[in-house]
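In each ligand, atom 1 is the first atom listed, and ligand 1 is the first ligand listed.
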Amino acid sequence: MPELPEVETVRRGLQPVMEGAKIVKAEARRADLRFPFQPDFVARLQGQVVTGLGRRAKYLMADLASGDVLLMHLGMSGSFRVIKPNDEKSPGEFHYPRGKDSSHDHVLFRMSSGADIVFNDPRRFGYMKVIARNALEDEPLLRGLGPEPLGNEFDAAMLAQSCAGKKTSLKAALLDQRVVAGLGNIYVCEALHRSHLSPRRIAATLATRKEEPTDHAKRLVGAIHAVLNDAIKAGGSSLRDHRQTTGELGYFQHSFKVYDREGEPCKTPGCGGIVKRFTQNGRSTFWCPKCQK
Ligand SMILES: [Zn+2]
């Protein structure tokens, strides 16, 4: 499932063809994805200029001149493809290759920039919804989302406050979208490894009795920032590489330190441990028992 860095990379790939351009034609080729399309979905998009393309957690948000916002979520397998005359690319295709089967092309936006933007989603867990900007605060999909991990408000003090008294594991706390928005299994494993904290550690240990951040909290926030920024940078370079070459955007393999590396040596310098995997809250956790405490 795409996580925040992938969605951010998709945003950066779509921005040049969407921002400032008009949606000349919109097409929903089926009645639903994860949810049914709104009856006025196409009508509210067609003819609208996209004034900005932003992101909140794992949602892409296209601001329209009408005052509406087009909310887009990639779900499990959703991807975009930008087709220009004699050119085609898929922003954000690095760890998650896009669907190749055109029978899964469910949504099309023809832009006045000359580009066709196609949304492909074999498993159809993705969704799109048009919402009035002034109703965003009441939108159930967005309500309750915690702070952006790369935003100014997310710091060690805030993380400590949300984790104070929590008896759940650190892994579960970081996956909780109310604590911090947009992190998934991969980057939580990576951030815990980079901060040398055990995924089994109790979340409450990030806070002192006065709910002040411990050193662990400070280390963890630094690691979350670093892991996400590195991944966004890698995604960005995969976009740049594409522009310098021809054909499809390459399959970018992240240089994960623990994720999907069970049985391999830990990459922490001087550690010498072996990466282990176990199931935690129904999902695979990868970690190094030697340097994560
Ligand atoms: Zn290690």
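With a 6.0 Å radius and a threshold of 12 heavy atoms from other residues, nucleotides or ligands, R143 has its CZ atom above the threshold. Within 6.0 Å of CG on D40 lie more than 12 heavy atoms contributed by other residues, nucleotides or ligands. Heavy atoms from other residues, nucleotides or ligands lying under 6.0 Å from CZ of R178 number 12 at most.
Protein N/O/S atoms closer than 2.8 Å to the Zn ion (ligand 1), listed by chain and residue number, are C266 SG, C271 SG, C288 SG, C291 SG.
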Steps toward salt bridge (charged side-chain N to carboxylate O under 4.0 Å, His left out) verdict (E3, K58): CA-CA 7 Å; E3 295 189 29; K58 294 196 279 183; over 6 Å; no
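Classified by interplanar angle (parallel below 30°, tilted 30° to 60°, perpendicular above 60°), the ring pair H104/H106 is perpendicular.
Side chain of E190 to backbone of F256: no donor-acceptor contact under 3.5 angstrom is found.
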